[in-house]
Amino acid sequence: MPAYITTPIYYVNDRPHIGHAYTTTVCDVWARAMRLRGEDVFFLTGTDEHGVKVEKSAAAKGVTPQALADENAAEFQRVLKVFGLTNDDFIRTTEPRHEKQVQHFVKRLLDAGSVYLGTFEGWYDEGQEEYYTETRAKELDYKSPISGRPLTRATEQNYYFKLSSFQKQLEDFFAANPDFVQPAARRNEVLGRLRDGLQDVPVTRTNFTWGIPFPGDEKHVIYVWIDALFNYITALGLGEPGGALATERAKYWPAAYHVIGKEILWFHAVIWPALLMALELPMPRRIHAHSFWIADGQKMSKSMGNFVDLPTIEGYFAKYGLDAWRWYMATQGPLQASDSDFRAQHFHETYTSDLVNVVGNCPSRVTAMINKYFEGKMPADSQAGGEWPAKCAAAVAQWNAAIDELDLVGAAQAAMGLLREVDAFIHRTEPFKLAKDPARADELCSILAQCAETVRIAGVLLEPFLPAKMAGLRVALKQDDGAPLAKRVAWGGLAAGTVLDKCALFPRLEA
RNA sequence: GCCGAUGUAGCUCAGGUGGUUAGAGCGAGGGAUUCAUAAACCCUAGGUCGGCGGUUCGACUCCGCCCAUCGGCACCA
């Protein structure tokens, strides 16, 4: 079954930071988990490269907007590699394939009567060349915050999208699909605002030129937001039915899971579905809006200078490794409705209590005993697993249910639970004491075989989170990673006699 | 300003259609043990459940007001 996972496309005017890293890492864990189940996953990320900010930044640097976009997009792509992310494509909104299709879609909206030419009137700052909302203008006492000169009343012709005409259709859609927006708190925000009523939204601008020209009226540029949203379907070639891209990728729509930050919820939960309705395209499956990282209890901001930026993140890679970073992002991050605090000490404690003490130590003690008592050879289990096959099957079921819901914490806990049970089992049965009593050798064999096999299965479930370290575990257990999940988590994958290497996956580190 | 959410142990959070001793994980302290990365295991949390007022025999759980934090308020990418 196809599945399509997307991040927002990142604005090239920014430098990569924890926000980008987080969303993309969450998507990567999810994509790897689905692939592990044998699903046909397409994972997309990319960059949003148009707009007045890019135009201005480029002018300030004395380069063309395209040159600036090229440079920053290359940086984002480089970073994806450093993070080991497994996106299947990287879309840029300045690529011809995207621009052409956006024009096609906008033309269709125009032909369908969903886009019309209208007049916008508002408070205009001549120095800044921008409009302010009534509320904002009032706050500013109708004066420019930069020059102090009075704002003027100005009008502008723009093309508008008839968002208002989709009110009923959207309400019906939300009623019929209560899980469309996740988490529930975010859905309620959307519903609340929907109740206030919808106004039409402009989809073009005329005060800058760095954008996709509006088809048939080229002094208008397609507004960046509209341009950006379409990336989700231009990457699949839906704007060129029958084209090469569509032939290969059209199957991924509408199996779309859009993972976004909460600041862009409105565009994804309301405007985007309405655009799709206007184009008579099916709705994506889900919008998941996560919250933000804060730093040491403080909101991250440029003025505070407390952004967890790329050099900081690379410092964590150097000390703890890439997998530890993924683990912290996936299990401690703000995937639900509230923000998460990023603290160095918390990172360290999570590393030690989860990865060193459990994921590292449990396989270590099991493989060490098998090496000590059986020269590393996987013992035969005369009990055929005892209670363990059922325990593992239950954990796999729990893991699958969690992955379905993008509940990364739940999926991680399902796997960790098995390892904690193995630890408890060793404590209870004391194989290290049985090893001293030759009369109980058969019992000892069963216990250690059951532990090793459960460790192997837990390791499979942890692969999406800890791909490099779990590859290391596979090597120690003489496993390969080819088979589909159902086969790999079936009891009995470790044949008796297989030589298991002692392994120590996560070194203990000083804080 | 308007709309909405949240505020429970040092930290992160569960929970209860109102009723004897308010829960988990992490951290901290102690114990026991040794297969293991001084790890796993056991015990220990005396928290005005944000504040004030109200309803009630009784509220942390209901109501009102207030305070704090967060999100949204449409062209912001």
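Within the nucleic acid shown, Glu263(A) comes within 4.0 Å of at least one base atom, counting heavy atoms only. Looking at heavy-atom distances under 4.0 Å, Ala185(A) makes no contact with the nucleic acid at all. Heavy atoms of Glu349(A) sit under 4.0 angstrom from primed sugar atoms or phosphate atoms, though from no base atom. No contact: Leu448(A) has no heavy atom under 4.0 Å from any strand. When heavy atoms are screened at a 4.0 angstrom cut-off, Ile9(A) is found touching base atoms of the nucleic acid. Within 4.0 Å (heavy atoms only), Ser338(A) reaches sugar-phosphate atoms of the nucleic acid but no base atom. Among the protein residues, Tyr10(A) comes within range of no part of the nucleic acid, since none of its heavy atoms lies under 4.0 Å from any strand. Using a 4.0 Å heavy-atom distance criterion, Lys372(A) is classed as a sugar-phosphate-only contact. At the heavy-atom level, Gly192(A) lies nowhere under 4.0 Å from the strands shown. Using a 4.0 Å heavy-atom cutoff across all strands shown, Arg428(A) reaches no nucleic acid atom at all. Contacts of Gly211(A) with the nucleic acid, taken as non-hydrogen atoms under 4.0 Å apart, are absent. When heavy atoms are screened at a 4.0 angstrom cut-off, Tyr373(A) is found touching the sugar-phosphate backbone but no base atom.
In this entry the distance linking NZ of Lys502(A) with C1' of rA39(B) reads 14 Å, nearest Å. A straight line from CZ of Arg343(A) to P of rC26(B) spans 15 Å, rounded to a whole angstrom. Remark: C1' of rC76(B) and CZ of Arg205(A) are 10 Å apart, rounded to the nearest angstrom. We find that NE2 of His427(A) is positioned 10 Å from C1' of rU34(B), with the value rounded to whole Å. As a whole-Å value, the separation of Asn357(A) CG from rA40(B) P is 4 Å. Atom CD in Glu189(A) sits roughly 7 Å away from atom C1' in rG4(B) (whole-Å rounding). Between the CZ atom of Arg193(A) and the C1' atom of rG71(B) there is a distance of 11 Å, given to the nearest Å.
Results of the side chain to side chain donor-acceptor pair (under 3.5 Å) test with Glu405(A) over His288(A), Arg286(A), Gln182(A) single out Arg286(A) as the only residue that passes. When the options Thr206(A), Thr204(A), Val221(A) are evaluated for a side chain to side chain contact (heavy atoms under 4.5 Å, CB included) with Phe214(A), the one that passes is Thr204(A).
Pair check for rA5(B) finds rU69(B); Watson-Crick or G-U wobble, both atom distances under 3.5 Å.
Under the 30°/60° scheme for interplanar angles, the aromatic rings of Tyr320(A) and Tyr316(A) are found to lie parallel.
Salt bridge status for Lys168(A) with Glu171(A): absent, with no side-chain N to carboxylate O gap under 4.0 Å.
With rA74(B), rC35(B), rC70(B) as the candidates, the nucleotide lying closest to the side chain of Ile426(A) is rC35(B). Among the nucleotides rU37(B), rA74(B), rC11(B), the one closest to the side chain of Leu505(A) is rU37(B). Here the nucleotide nearest the side chain of Asp423(A), chosen from rU34(B), rU37(B), rA40(B), is rA40(B). If you check rA36(B), rG72(B), rU34(B) against the side chain of Lys433(A), the one that comes closest is rU34(B). Of the candidate nucleotides rU37(B), rC35(B), rC76(B), rU37(B) has the atom nearest to the side chain of Val356(A). In this structure, of rU37(B), rC35(B), rC76(B), it is rC76(B) that holds the atom nearest to the side chain of Tyr223(A).
Side chain Asn361(A) to base rA36(B): a donor-acceptor pair is found below 3.5 Å.
Of all heavy-atom pairs between Tyr351(A) and Ala324(A), the closest is CD1-CB, 3.7 Å.
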> After noting the C-alpha distance and the side-chain angles of Tyr328(A) and His348(A), does the key distance pass the side chain to side chain contact (heavy atoms under 4.5 Å, CB included) rule?
Replying inline: CA-CA 9 Å; Tyr328(A) 189 68; His348(A) 184 82; over 6 Å; no
